[in-house]
Amino acid sequence: GESVGLHLPTLSVQEGDNSIINCAYSNSASDYFIWYKQESGKGPQFIIDIRSNMDKRQGQRVTVLLNKTVKHLSLQIAATQPGDSAVYFCAENSRGYSTLTFGKGTMLLVSP
Amino acid sequence: DTGVSQDPRHKITKRGQNVTFRCDPISEHNRLYWYRQTLGQGPEFLTYFQNEAQLEKSRLLSDRFSAERPKGSFSTLEIQRTEQGDSAMYLCASSRDSGNYEQYFGPGTRLTVT
């Protein structure tokens, strides 16, 4: 289930389950999106990206879905492992701008 | 390890002191970014360079903050007259030319102002 702690929504899953982390964005001009994973005490680590001309992109154990109509992005992690425990951020970028705008973040807790 | 390094990893300073952080980006990346992150929040953009040119600065970057990238390689971020509100993680990232290439982040410098 989901709970809120330390200002972050938290998703708790069992090892082996599939996880879905959601992100809403507000800028309709955003055309590039990235998911980052951040472990405690470390910088964000790139997971997967997607451009606005796509609605789905798959990587190794991860899938990103983009719904531009409702400005929603999701990250699906298959067969979640304890090493996936971290905070996950979505970030967006608009063509012509070089900066990323980050969402609030979701903490994923995977129990063995 | 993304290939972006930052130094120091941790810095504790007293209020009013000046501090300087260094970032070494991935060598073939000509864009370099500085972000600030506080507990429980996503990184917030501060400034970025394309080669040695500082092209954009956020409103978060007060006049006590200055960043340089003199030779288009490493960059420094200096905070003068530190305040307790400056306590945060300062992250550096680099990317290839164009805003739509993924940014690779360093491990960050954790600043604590006492």
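We name chains A, B, ... by the order of the sequence lines, and we start the count at 1 in each one. What's counted below: heavy atoms across the whole structure, side chains too, no hydrogens, waters or symmetry copies.
- For chain A, the nearby part of Arg9(B) is the side chain; its heavy atoms alone come within less than 4.5 Å.
- Within the 4.5 angstrom heavy-atom criterion, no atom of Gln45(A) approaches chain B.
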Quiz prompt | Evaluation steps, side chain to side chain contact (heavy atoms under 4.5 Å, CB included), between Phe89(A) and Gln41(B) | solution = CA-CA 9 Å; Phe89(A) 292 99; Gln41(B) 301 297 317; over 6 Å; no

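- Interatomic distance, CD of Glu56(B) versus OG1 of Thr99(A), reported as 5.0 Å (0.5 Å rounding).
- By the neighbour-count criterion of 12 heavy atoms within 6.0 Å, atom CG of Leu55(B) is densely surrounded, having more than that number from other residues, nucleotides or ligands.
- Atom CD of Glu28(B) is surrounded by more than 12 heavy atoms from other residues, nucleotides or ligands within 6.0 Å.
- In this structure, Phe105(B) has its ring center closer than 6.0 angstrom to the ring center of Tyr36(A).
- Connection of Val113(B) to Tyr90(B) is established within a shared hydrophobic cluster, with ILVMFWY side chains joined at heavy-atom distances below 4.5 Å, either directly or through further cluster members.
- Looking at Gln6(B), there are no atoms closer than 4.5 Å to chain A (heavy atoms on both sides), in backbone or side chain.
- Heavy-atom neighbours of Glu68(B) CD from other residues, nucleotides or ligands within 6.0 Å: at or below the threshold of 12.
- To the nearest 0.5 angstrom, Leu91(B) atom CG is 6.5 Å from Gln38(A) atom CD.
- By the rule that hydrophobic residues join a cluster once side-chain heavy atoms approach within less than 4.5 Å of another member, Leu77(B) and Phe45(B) end up as members of separate clusters.
- Each of Pro107(B), Gly108(B), Pro43(B), Gly42(B) has some count of heavy-atom pairs under 4.5 Å with chain A, and the biggest count is that of Pro43(B).
- Taking the six-membered ring where the residue is Trp, Tyr35(B) and Phe102(A) present perpendicular rings, their angle passing 60° and hence far from 30°.
- With rounding to the nearest 0.5 Å, the separation of CD in Gln103(B) from CG in Asn93(A) is 7.5 Å.
- The hydrophobic cluster containing Ile12(B) does not contain Leu111(B), counting ILVMFWY residues as joined when their side-chain heavy atoms lie under 4.5 angstrom apart, directly or transitively.
- Taking both residues in full, the closest heavy atoms of Glu102(B) and Asp49(A) are given as OE1-OD2, 3.5 Å, listed atom of the first, atom of the second, then distance.
- The 12-atom threshold is not exceeded at NZ of Lys11(B), counting heavy atoms of other residues, nucleotides or ligands nearer than 6.0 Å.
- The heavy-atom pair separating Leu8(A) from Gly40(B) by the smallest distance is CD2-O, 3.6 Å.
- More than 12 heavy-atom neighbours from other residues, nucleotides or ligands sit within 6.0 angstrom of CZ on Arg64(B).
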